[in-house]
Amino acid sequence: MSKRTDGDVLDALVELRGVTKVFEGGRVHALAGIDLDIPRRAFVAVTGPSGSGKTTLLNVIGAMDLPTAGSIRVDGVAVDDRASMERVRADKIGFVFQMHNLIPVLTAGQNVEVPLVPRGIKRTARRERATELLDLVGLADRADSSVRGLSGGERQRIAIARAMANEPPLILADEPTGNLDSKTGAEVMAVLHELRERTGATLILVTHDESICKGADLRVRMCDGRLE
Amino acid sequence: MTYVWRNLFQRKVRTALSMLGVSVAVAGIVALISVARGMRTSLDDYMTNTGASLVVHRKNVADLVFSTVSKKEIEELRRVPGVQDVSRANFSLEQLPKTGGRKPLLPVVLCFGRFPEDRIMNMYRAGLADGKLFQTKDEIIVSRYLAETLDWGVGTTVKLFGQTFTVVGTYTSRIAWENQGLVLHGDVVSKQLGRDGYTVAFVYTADKDRDAVQKRIRTAFPRLDAVPPGLITAQFEDQFAVLDEMIQLVTIIALIIGVLGVLNTMMMSVSERTREIGMLRAVGWPRRLVVRAILFEGVLLATIGGLIGLGLGYAGTELLLYFHPTSLVATYETATFVSGFTVGLCVGVLAAIYPAFRAANLKPVEALRYE
């Protein structure tokens, strides 16, 4: 169980216990014994200076990397080996990267379908789901457009739609507005929040931008691999 | 599928070059095997073309050119019940004399020793293009191909193995390698070979008597064997072992070249898409799906390249035959095309295995940082 800032007691979606991550043979401690519970449906903002361990924290929560020590559970599933990492990434997590990381040879709709492919969902059903999500991010008319011709804001909205494709309980966003101007960034954040509200997903957002932390249920500030 | 297809066809130049690598490998195999098969069947065709019922040669020889049938055996063969006629034949392969003409395809000339009075000469009579058949030991007839290439027209004097011959006629033949040769008196060839006999004997019988005559010859001549002319290749299967080994060697070389070409493309493709593959892994693509996608890409590339290669192989062989209509022959068999296509597929799969596993083993967190 975790305690929210407003005092409500909720189930923890993510549980970190003594999570440590070291690099370069132990010389760099990116994470130093982190204990953290992330509640369900929460909006969590992770801030801190460059090199403080924000992205590493996001990577271990996102089952992209295993901690050197400690344990992680996402939605009740222990992330402790390759198989569990793959399972958690496929079923529990949606990623929004700073660089949208869309596949340039695919259309907007096909990019949104990408996470649905390993689930064995039929093409028609995938297509329907992608159209529905593109509609939610305001890009229904771009479903068949190549992503190459889209603006940065549009691409990031497609990336958000892709992150939501599997209806994951947890969305991880690493500087999602980092490459956008402030107006477009605000629009992208509005889309992200709207979708989070609709789906009830938890959002963990890593950012340098204090303005987009407004309204966060939980603010985590990191410094030298520790929580402040 | 869409992802794989688009990856291939959005990078057209690279894909085209890889396909070309596979195509050339497959085309080479198809052309080589077809021409080799043509050479095999042309031996049977040649023997059948003589009109003989049986070809008699020395038993257990590794190659027909080492066979000898003595003069005495020829006389005895003539007396076997059911035998209507016996034609004598010997072969020699000689270096080309220096002439003012162009160079023929082969640097050697096939010398067919025959006798003017033998029935086998009917074959040359039918194919006579110009002049007449030879009658004496200092006359020869040459293939029209040689005549045109070496300027050996009717009436020309030619020096061969220290002897002077007059070209009295030219012939054409539907057998490719006969078009690389000349026909002269059998005694001249025997003398040149230092043999008191002939290479083979062509035995003529009535159709109904052939099997019985074959049996009689096999019984009466323990040193000799008699086979129907269309089965001579099967009799000398070992003779073609070298050819088969050469084909296998070329196939292996083609496979290696193809694999290296496609491997290079696939490695570049995987390297360029490192971040993309990292993203796929991040959004839940398991390793096996990444492996499958890259392997499928290789197989698709090889399949299309292979099909183009089959067409190229056929077209290339036909082009060769067009330029060398009298000296080359090709036999197209389904098995040849299946072999070529299989090699193409192997190229695709083998070349994609390493890049596929390399891509699948990329750590998503590192792949996403890749610049």
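Chain A is the first sequence line, chain B the second, and so forth, proteins listed ahead of strands; every chain is numbered from 1.
- Within 6.0 Å of atom OH in B:Tyr354, 12 or fewer heavy atoms from other residues, nucleotides or ligands are found, so the atom counts as exposed in its surroundings.
- Within a 6.0 Å sphere centred on CZ of A:Arg221, other residues, nucleotides and ligands contribute more than 12 heavy atoms.
- Closest approach of B:Pro286 to A:Pro118, counting heavy atoms only: CD-CB, 3.7 Å.
- Exactly one of A:Asn101, A:Asp174, A:Asn59 qualifies for a side-chain contact (heavy atoms from CB on, under 4.5 Å) with B:Leu368. That residue is A:Asn101.
- In this structure, chain A has no heavy atom under 4.5 Å from any part of B:Arg288.
- Between A:Asn166 and B:Val283, the shortest heavy-atom distance links the atoms ND2-O, 4.4 Å.
- Residues of residues 77-86 of chain A having a heavy atom under 4.5 Å from any heavy atom of chain B, listed by number: A:Arg82, A:Glu86.
- Here CG of A:Leu66 is found 8.0 Å from NZ of B:Lys363. Values are rounded to the nearest 0.5 Å.
- By the 6.0 Å contact criterion, CZ on A:Arg226 is open, its count of non-hydrogen atoms from other residues, nucleotides or ligands being 12 or less.
- Scanning all heavy atoms of the two residues, the minimum distance from B:Trp285 to A:Val114 falls at NE1-O, 2.9 Å.
- Taking CD1 from A:Ile103 and CZ from B:Arg273, the interatomic distance works out to 8.5 Å, rounded to the nearest 0.5 Å.
- For A:Arg87, no part sits under 4.5 Å from any heavy atom of chain B, backbone or side chain.
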